[in-house]
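Working notes, structure below.
Order of the sequence lines fixes the chain letters, A, B, ..., with proteins taken first and strands second; residue numbering starts at 1 for each chain.
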Amino acid sequence: MDKVYNHKNIEERIYREWETSGYFRPEINSKGKPYCIILPPTNANGALHFGHAMYVVEDILIRFHRMRNFSTLWLPGTDHAGIETQFVFEKKLLEQGKSRLDFKREELYEMINKYVNENRGGIESQLRRLGFSLDWSREKYTLDGNIVEIVYDTFKKLFTDGLVYRAKRLVNYCTFDGTSFSDLEVVHEDRTSSLYYIKYGPLILATTRPETKFGDTAVAVHPGDKRYKKYVGQELEIETVLGKAKIKVIADESVDPEFGTGVVKITPAHDFSDFETGKRHNLSMKQVIGFDGKMNYFAGKFEGLSVREARHAIVKEMQAKGLIEKIDENYKNRVGLCYKCKNVLEPLPLEQWFINMQLLAKPAIEVVKSRQIKIYPKSFEKRYFQFLENIRDWNISRQIVWGIQIPAWKCEKCHEWVVTNGKIPQKCKCGSENLIRDQDTFDTWFSSGQWPYATLETTNNLKFYPADVMETGYDILPWWVARMVMLGIYIQNKQGVKEIENQIPFKNVLLHGLVNDPYGKKMSKSKGNVVNPLDLVDQYGADAVRFALIYGNATGNDQALSYPKLDAARKFVNKLWNMGRFIEFADKIIDEGKKPTRESGIDEWNNYWCKKSQELVKKVTNDLEKYNFNYAAEKLYNFTWHEFADKYIEDIKPRMTPKTLEAMKDNFKIILKLLHPFIPFVTEEIYQRFKFGKSIMVDKWPSFVKSI
RNA sequence: GGACCCGUGGUUCAGUGGUAGAACGCUUCAUUCACAUUGAAGAGGUCAGAGGUUCAAAUCCUCUCGGGUCCACCA
């Protein structure tokens, strides 16, 4: 054995051996009880980051259960990541001086498809370098034909059940990316804006958006506001930049008499709360901003100006006409931004597909309340409930091409929608054959929200449903986890599965924290502080990186990337390696027939150490069963180094006999097995060198009832 | 507006009502030894602050201060 453990010579070879031996497949323990974790699908076009490295938690659980004879499946997959990927691709197009509008839908799709396929596979090999024992033979992709079929089918069922509906509603629309977003995808930011006090005939009202005034279909006051009582129900004639206009005054509870002047303009086509007010009062919608972000013909001479240009122009002209009372330039408000391009989102009225979430959310809340799904750490349950109890309908249409096109056709004759499970319909119910397919695609989360069922069904592994653990970053609890629970229960219910414990997609949710930079700041490309975990694997070895991420970090807590900790982990791996070297060396001492210098009390001493190992097995097993990975890692670290190496090995030197050495080898084997889920490579390498067995990863977990 | 997390030696963080812990750093010593990626010893903490519950609180409760996050969003 080399004096220093060199991961570079070892890790790649061992991983290849594992993979070619079929050890990652559940067939390795085919008679065992099923145990399953589904890897959160990785972005097909993405690169490895620390979010992926944290999946080491899953590998620990998987290896632990595999060694305990479970028929263990860890299923990998990739996600087409609709908006993310199209956004990246369009940036590339832009560099070439082109835009998505230069291509037909099919052309653009094919180009992105080609681009993604060229980049696919990268992340898979990176996950291999971390030692993840994923069953690659079952890998799935969200755009696999049979996955898409399931997604279509779910949509059709939701439509048939009346849970999916088409409605013209205000959506968060990015006029730069040309698509709408769900509420979750909106990033809110505090801004300082101008609040304009505008004259509307005899009234003065405050607004941040004077350019939408052409879309006003009423002004509103609070019903109890005495100042304006006499105007309610009247139609005012007002002076505007486009000449005289008439506008109705309504009373609505939603108006805050304390805000501004207590009068508010109602623009149902461009403001979420005005949209609601408009519905209550049957106001008409007048859209004055187009999907290109420019003013349309309702804006008269301002037509063609962008929102920002129009605001300046209109304010200037209103000031000239004396229509502005005053401007508060230090008004603090929050604006919704596109999470991709950070431009201000425009609320625009658009026909979209929505899922009615109320009915889906109810059982999803119940299963967590009744602890049929357990969330760790438990504090995240509150966030889960908060999200589901206040859930709004989910806009699942995206105006992009990269993704699963919605299987809905509109009849040009009767204007009804025909929804199929993917097949092109021959004709509408009314008999017309003039059907045009919706151009939109599904929100990526609609397909990934069906991932546990879809992957297990299409690989003929439904016996693993529900999965045992869903482990992911806490940041996507509402985006992904909650939606998987809702859709999972719905789908299984439709499949005729009666018991709720068999409908849920997984039994336990484990959430890990974020890995920040060494100063505790979030890693981001724009800050330039992103560290690639693979560079650390090169430098420290996969085992050390894995151990450093687990040791000293409580489940669900964020951690700062720590180089001292990585160093410590590497030293630990090296220490273990040298303990192996000592035992190899000890064999020679025995062979040379040297006599021990201390013989009294040797049996008691020997039994003491065997008992110590047994205690450790019990504790580590218990910690792993409770998902207390950091406790287990700390106990293993302390025992291995400060008990086994510092005391046991020092104490055996004068007591070296064939019997004590055999016992030490047994105890060392136990330590290796307990450490294997955490640091799989070095433990496997030592295990094989000592010919303890064919492979540690499929050998049995030590039992703690074994008598010495 | 609603909620969650964090605050513990110089630093990064564990801590499960019962004597304040680890790693790194620091100080001193050792070193023909499996390992200098080593060993032994040591210094260093009013556990953010205040109050409460308890025989006993870093831990449970309330409030305050500081840092961070999520959700909802009003002209």
Side-chain angles (χ1 to χ4, degrees), chain A residues 1-5 183-184 186 188 193 195-198 205-210 212 216 219-220 252 254-256 258-267 270-274 276-277 331 333-336 377-392 474-479 513-514 516 518-522 540 544 548 551-586 588-589 622-623 626 628 630-631 633-635 637-638 641-642 645-646 649-650 652-653:
Chain A
M1 284 170 87
D2 292 340
K3 207 167 170 181
V4 173
Y5 174 68
D183 296 324
L184 274 178
V186 180
H188 292 274
S193 325
L195 184 64
Y196 305 90
Y197 287 77
I198 301 177
L205 58 80
T207 179
T208 52
R209 303 206 56 189
T212 62
D216 294 353
V219 293
D252 194 275
S254 69
V255 179
D256 176 5
E258 304 291 317
F259 182 87
T261 57
V263 186
V264 57
K265 67 196 208 58
I266 302 296
T267 323
H270 297 292
D271 182 280
F272 289 101
S273 97
D274 290 3
E276 297 299 322
T277 311
Y331 178 66
N333 69 341
R334 283 170 78 76
V335 292
K378 201 162 182 272
S379 56
F380 284 102
E381 281 185 2
K382 284 197 180 173
R383 284 198 197 175
Y384 178 86
F385 291 135
Q386 191 183 11
F387 173 67
L388 287 180
E389 279 161 6
N390 301 302
I391 198 159
R392 290 170 54 175
Y474 65 74
D475 49 331
I476 54 173
L477 181 67
W479 297 64
L514 309 176
N516 294 320
Y519 305 99
K521 298 270 177 269
K522 203 168 174 168
Y540 296 91
Y551 184 89
N553 177 250
T555 310
N557 278 9
D558 292 352
Q559 60 179 316
L561 179 66
S562 162
Y563 289 98
K565 204 153 91 172
L566 282 162
D567 257 321
R570 190 183 43 157
K571 287 181 186 174
F572 177 60
V573 169
N574 190 58
K575 185 75 183 179
L576 190 68
W577 177 255
N578 273 293
M579 288 161 68
R581 281 188 73 206
F582 171 78
I583 292 169
E584 193 180 54
F585 162 83
K588 280 187 206 137
I589 296 178
N622 190 32
D623 284 340
K626 289 180 176 163
N628 290 328
N630 57 325
Y631 295 0
E634 197 176 324
K635 279 169 194 148
Y637 181 95
N638 287 336
W641 201 314
H642 300 302
D646 290 347
I649 287 185
E650 288 310 314
I652 201 175
K653 286 175 184 170

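- Among Asp216(A), Asp274(A), Asp271(A), Val219(A), the single residue meeting the side-chain contact (heavy atoms from CB on, under 4.5 Å) criterion with Ile266(A) is Asp274(A).
- At the phosphate of G39(B), OP1 or OP2 sits under 4.0 Å from a side-chain N or O atom of Trp641(A).
- The NZ atom of Lys521(A) sits 9 Å away from the C1' atom of G68(B) (whole-angstrom rounding).
- Using a 4.0 Å heavy-atom distance criterion, Gln386(A) is classed as a base contact.
- Residue contacts shown for Ile266(A) are absent, as no nucleic acid heavy atom lies under 4.0 Å away.
- Using a 4.0 Å heavy-atom distance criterion, Asp475(A) is classed as making no nucleic acid contact.
- Contact annotation for Tyr331(A): backbone-only contact, meaning every heavy-atom pair under 4.0 Å involves sugar-phosphate atoms and none involves a base.
- Using a 4.0 Å heavy-atom cutoff across all strands shown, Phe387(A) reaches no nucleic acid atom at all.
- Residue pairs meeting the side chain to side chain donor-acceptor pair (under 3.5 Å) criterion with at least one partner in residues 377-387 of chain A, sequence neighbours excluded, are Arg371(A)-Glu381(A).
- Contact between Asn516(A) and Lys521(A) at its shortest, heavy atoms only, is CB-O, 3.2 Å.
- Among the heavy atoms of the strands lying under 4.0 Å from His642(A) are primed sugar atoms or P, OP1, OP2 only; no base atom is included.
- Put simply, CG on Asp256(A) is 14 Å from P on G1(B), counting in whole angstrom units.
- When the nucleotides A34(B), A75(B), C24(B) are ranked by their closest atom to the side chain of Pro564(A), C24(B) comes out on top.
- Under 3.5 Å, the side chain of Glu389(A) and the base of A72(B) form no donor-acceptor pair of N or O atoms.
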Go through it in stages, so that I can follow the logic: the residues are His642(A) and Asp646(A), the test is side-chain hydrogen bond (donor to acceptor under 3.5 Å, both in side chains), and I'd like the CA-CA distance, side-chain angles, deciding distance and then a yes or no. CA-CA 5 Å; His642(A) 300 302; Asp646(A) 290 347; 3.0 Å; yes

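- The separation between Tyr631(A) atom OH and G21(B) atom P is 17 Å, rounded to whole Å.
- Atom OH of residue Tyr563(A) and atom OH of residue Tyr540(A) lie 6.5 Å apart, to the nearest 0.5 angstrom.
- In this structure, Asn557(A) reaches the A14(B) phosphate: one of its side-chain N or O atoms is under 4.0 Å from OP1 or OP2.
- Within the 4.0 angstrom heavy-atom criterion, no nucleotide atom of any strand lies near Ala220(A).
- The listed nucleotides are U12(B), C74(B), C35(B); the one nearest the side chain of Ala560(A) is U12(B).
- At a threshold of 4.0 angstrom between heavy atoms, the contacts of Asn333(A) are confined to the sugar-phosphate backbone, with no base atom among them.
- Ranking C4(B), C74(B), A75(B) by closeness to the Thr207(A) side chain, first place goes to A75(B).
- Here Glu650(A) lies in heavy-atom contact (under 4.0 Å) with a base.
- Using cut-offs of 30° and 60° on the angle between ring planes, the pair Phe380(A) and Tyr474(A) is parallel.
- Counting only heavy atoms from C-beta on, Asn574(A) has its side chain closest to C35(B) among C35(B), A14(B), A75(B).
- Among the heavy atoms of the strands, none lies under 4.0 Å from Lys565(A).
- Within the nucleic acid shown, Tyr551(A) comes within 4.0 Å of sugar-phosphate atoms alone, with no base atom in reach, counting heavy atoms only.
- What separates CH2 of Trp479(A) from P of U69(B) is a distance of 16 Å, to the nearest Å.
- For the pair Lys575(A) and G39(B), the criterion of a side-chain N or O lying under 4.0 Å from OP1 or OP2 is met.
- Each of Phe572(A), Tyr637(A), Tyr631(A) was checked for a ring-ring contact (aromatic ring centres under 6.0 Å, His included) with Tyr551(A), and the lone residue meeting it is Tyr637(A).
- No engagement by Gly260(A) is indicated, since no non-hydrogen atom pair under 4.0 Å with the nucleic acid exists.
- Of the candidates C35(B), A14(B), A40(B), C35(B) carries the atom nearest the Lys3(A) side chain, counting heavy atoms from C-beta on.
- Side-chain proximity of Ser562(A) to the nucleotides A34(B), U37(B), U12(B) is greatest for U12(B).
- Nearest nucleotide to the side chain of Arg383(A), out of A23(B), C4(B), A34(B): C4(B).
- The side chain of Val4(A) lies closest to U37(B) when the candidates are U69(B), U37(B), A14(B).
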